[in-house]
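Lettering follows sequence order; numbering is per chain, from 1.
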Amino acid sequence: MGIYEVLVRDFPFLLKGLGVALILLAALLVIGFVLGLAMCLIQLYGPRTRLVQWPLIAYERVFRGIPIIIMLFIFYYGLAGLLDITSFAAAILALGFRSAAYQSQIFRSAFQSVPTGQMTAARAMGMSKTRAIRYILFPQAMRYAIGPWTNEFSSEIKETSLAYVIGVVELTRQAHYIISSTQGNVLIVFAVVALMYFIVNKSGNSLLYGLERKLAVPGFGKR
Amino acid sequence: MTDTAILQVENIRKRFGDAEVLKGISFSLNRGETKVVVGPSGSGKSTLLRCINRLTSPDSGKVLLAEEEVKEANIDSIRSRMGFVFQDFNLFAHLTVLDNIRICQTKVKGVAHDEATQRAYHELERVGLSDRGGAYPAELSGGQQQRVSIARALAMDPVVMLFDEPTSALDPELTGEVVKVMQQLAEEGMTMVVVTHEMSFARQAADEVIFMEGGHIVEQGAPDLLFSRASNERTRAFLNVIAENG
Amino acid sequence: MLKSLSVKLLAGTGALIMALSTPTSFAQEPYTVGVEASFPPWAYVEAGEYKGIAIDAMRAIAEDAGLEIEFKDLPFPSLIPALSAGKIDILATGLTVTEERSEVIDFTVPWWETNDVVVVPKDSDKNVFTAVCCGARVGVQGGSSQQAWMEENVIPSDIDIELATYDSYIIAINDMTTGRIDSVIVDDTSAQEYVAAGRPVEIAGKIFIRAPLALAVSKGDPKGLLSRLNPGIVQLADSGEWQKIVHEYMPDITVPPVPSHMPEFVDTYQKPVAGLPELGN
């Protein structure tokens with residue numbers, strides 16, 4: 001059986017691997033978004049005490065500073081005594097928690113890009129701080145954040161391919177299966193896989209650019 | 001201080017580092033009154049205005065709105081009854097003119113969407129911009145933006161309006177339209193404290209002019225008196241400079 | 001208000017973590033069998049199905065012993081840590097018995113025996129000596145017994161080589177055929193597979209003899225699996241089914257006797273061997 005026939009036969013498995021990668025990607029981005037936004041809000045608008053701020057700084061340093069492979073091992077093997085989690089869950093948490101560190105920084109600089117007068121005006125009209133953040137700052141900050149967030153999306157797609165080291169059978173691992181069962185064909189198999197990653201990346205970026213256009217406000221951010 | 005005083009400012013002091021910007025300011029405002037605060041830059045006018053609605057917290061002294069003391073605890077409720085117009089407008093950049101005027105009505109006062117829309121159009125008409133409801137702030141001229149910000153404040157049904165140099169950021173040819181709106185408000189009986197360099201407005205619309213310098217109220221009185229026969233030498237000097245430049 | 005919003009966000013994440021963590025530690029069955037599924041002919045995936053000698057033999061042994069099993073694919077360097085961390089119960093791949101490994105995991109009786117070989121590109125002028133000296137770049141699988149052997153015996157000596165480690169031998173062989181490395185050290189079983197599959201490689205010679213291959217369980221055998229796996233392995237060989245499985249994947253190979261050579265440094269090979277009291281050193 002030639003490699004092309006094998007590729008055609010095994011394409012559903014590559015798609016299945018892609019599906020796993022996409023679920024992993026979606027889950028890690030959601031965790032990163034929720035956690036990153038919460039951390040950013042506490043850092044910018046929460047209590048200024050060290051007790052609150054210091055752990056957040058430490059969190060960012062740790063998750064941005066440690067290679068993701070090591071994080072994956074720590075979450076899968078290291079937490080084995082505390083929490084018996086599957087490879088997939090460990091990958092979601094390790095990648096998601098790290099993405100939170102990056103996303104919190106994206107959101108922080110986005111919120112800081114909103115002119116201070118916006119908050120002042122909202123507060124002067126009697127809005128509480130929470131509502132001012134929710135209705136005035138958040139919608140503006142998100143518009144600033146979409147660009148950098150698109151980069152984060154693209155880099156996280158690539159990171160999902162590392163989850164195989166703790167046994168998540170995603171797209172790259174499925175490709176390894178074809179390579180090893182056919183004793184070679186590294187180039188052609190990875191070319192197909194690269195194309196699949198590329199398509200996901202491109203469509204994701206197009207969606208995000210579309211969102212950016214949809215949310216565009218005349219003159220916004222040009223000052 | 002009379003029984004009808006709607007806003008009372010009592011002995012406000014504020015210090016930034018070494019500089020005491022407000023050295024015990026007191027005045028009061030009756031319903032329907034317009035007071036104009038004038039004085040050289042750095043005399044503490046804007047800080048005074050911000051101390052009234054606690055955008056800046058005073059170090060000491062009291063502010064009472066309709067006999068209710070302004071405190072940190074009731075500040076949101078107080079502010080919803082005190083319109084504030086900024087020098088640089090501060091319209092919400094991501095919202096249309098209509099939404100700028102609606103959002104605080106619905107999110108602060110809990111007004112229904114339709115009612116807020118109706119009110120927004122009413123206030124836009126008042127400032128002469130009823131056709132610009134769908135525009136975004138960046139699509140408007142400075143004068144138009146400031147008129148929208150006045151409409152935004154008015155839609156909250158304020159007891160008193162505070163204006164912080166509302167024309168200072170505008171090109172000279174655009175100040176007229178804003179001053180006109182403010183004059184009209186004064187005539188309609190809005191209670192207002194206006195910090196401004198627009199002497200024509202002070203002369204025509206003010207019930208009383210307060211002249212500040214160095215953190216003190218140096219002189220206060222009816223505009224006619226103050227402009228024609230200012231008793232204080234510094235007041236006269238300031239008014240002369242303004243008259244030459246204006 | 002802000003605090004409550006943040007607390008809600010954090011609590012939501014916490015709930016997600018709880019949802020993701022499954023209480024598998026309480027489940028006794030099925031046993032998880034860790035494999036490196038890109039290691040033919042021992043274990044690999046073809047058309048979505050686990051295949052290979054270790055896979056088929058493991059299935060047969062499990063069926064005879066009444067064990068319920070499920071396979072879990074992990075990269076080779078991850079398998080022993082996974083066993084230590086209790087993520088898998090049994091390790092079934094082409095796993096060489098070494099002294100170092102026997103200190104952290106427990107081996108079953110050996111079911112195979114290999115000799116390591118030096119693989120070079122076809123028509124290469126290199127022999128078994130020149131392929132691993134004199135500035136050669138030599139490929140091995142990361143965490144493999146071949147890597148350990150090279151690091152112990154060759155690297156500290158005066159022989160000038162550079163070791164390149166790979167996740168998988170397939171990639172190593174591929175790199176060799178494109179000239180990135182000069183030779184690959186691999187067990188003879190795999191090497192014969194590469195030649196049989198028509199890869200442009202040849203075996204330059206043997207460098208290491210009588211390396212036993214076995215299954216492994218966690219150190220101390222907490223689940224008492226050795227006494228079920230050991231007889232299973234011997235029974236499989238005695239019934240002739242083992243030979244059938246091996247020949248299905250490697251038709252021309254001579255099947256070594258089971259159990260093969262049992263090195264003295266492995267403590268589970270001390271008399272009496274679990275489940276096989278008549279055996280042992």
Are there over 12 heavy-atom neighbours, none belonging to A:Arg50, within less than 6.0 Å of that residue's CZ? no
Using a heavy-atom cutoff of under 4.5 Å, enumerate the residues of residues 150-176 of chain B that contact chain A, numbered in order, or state 'none'. B:Arg152, B:Met156
Does any non-hydrogen side-chain atom of B:Ser26 lie less than 4.5 Å from one of B:Val9? no
Option that, when pairs with chain B are counted at under 4.5 Å, heavy atom only, ranks first among A:Pro139, A:Gly126, A:Ala122: A:Gly126
Does anything in residues 46-104 of chain B form a ring pair (Phe, Tyr, Trp, His ring centres under 6.0 Å)? List the pairs, not counting sequence neighbours. B:Phe84-B:Phe86
Taking atom types as modelled, is there a side-chain donor on B:Arg119 or B:Gln105 under 3.5 Å from an acceptor on the other? no
Do the side chains of A:Glu159 and A:Arg98 get close enough for a salt bridge, i.e. N-O under 4.0 angstrom? yes
Interface moiety of A:Arg134 toward chain B, non-hydrogen atoms closer than 4.5 Å: neither
For the pair A:Phe107 and A:Phe111, evaluate ring pair (Phe, Tyr, Trp, His ring centres under 6.0 Å) and give the outcome as yes or no after the intermediate values. CA-CA 6 Å; A:Phe107 294 142; A:Phe111 273 93; 7.4 Å; no
Do B:Gln184 and B:Glu188 meet the criterion of a side-chain donor-acceptor pair at a distance under 3.5 Å? yes
Between A:Arg64 and A:Gln105: side-chain donor-acceptor atoms closer than 3.5 Å: yes
B:Lys45 side chain to B:Gly39 backbone, donor-acceptor under 3.5 Å: yes
Between the main-chain N or O of A:Pro47 and the side-chain N or O of A:Gln53, is there a donor-acceptor pair closer than 3.5 Å? yes
Should the pair A:Tyr144 and A:Phe220 be assigned to parallel (<30°), tilted (30 to 60°) or perpendicular (>60°) ring geometry? tilted
Is there a side-chain contact between A:Arg123 and B:Asp76 in this structure, where contact means two heavy atoms from C-beta onward sitting under 4.5 Å apart? yes
Pick from B:Asp88, B:Leu91, B:Leu95 with the largest number of heavy-atom pairs that fall under 4.5 Å of chain A: B:Leu91
Indicate whether the side chain of A:Glu60 and that of A:Ser104 have a donor and an acceptor atom separated by less than 3.5 Å. yes
Taking atom types as modelled and ignoring hydrogens, do the side chains of A:Thr172 and A:Tyr197 form a donor-acceptor contact shorter than 3.5 angstrom? yes
Hey, which residues of residues 48-59 of chain B are touching chain A, say heavy atoms under 4.5 Å apart? B:Arg50, B:Asn53, B:Leu55
In terms of heavy-atom pairs under 4.5 Å with chain A, the winner among B:Ser77, B:Ser149, B:Cys104, B:Gly83 is B:Cys104
Among residues 135-147 of chain B, residues within the sub-4.5 Å heavy-atom range of chain A, in order of number, are B:Tyr136, B:Ala138, B:Glu139
Would you please say whether a donor-acceptor pair under 3.5 Å links the side chains of A:Thr120 and B:Asn90? no
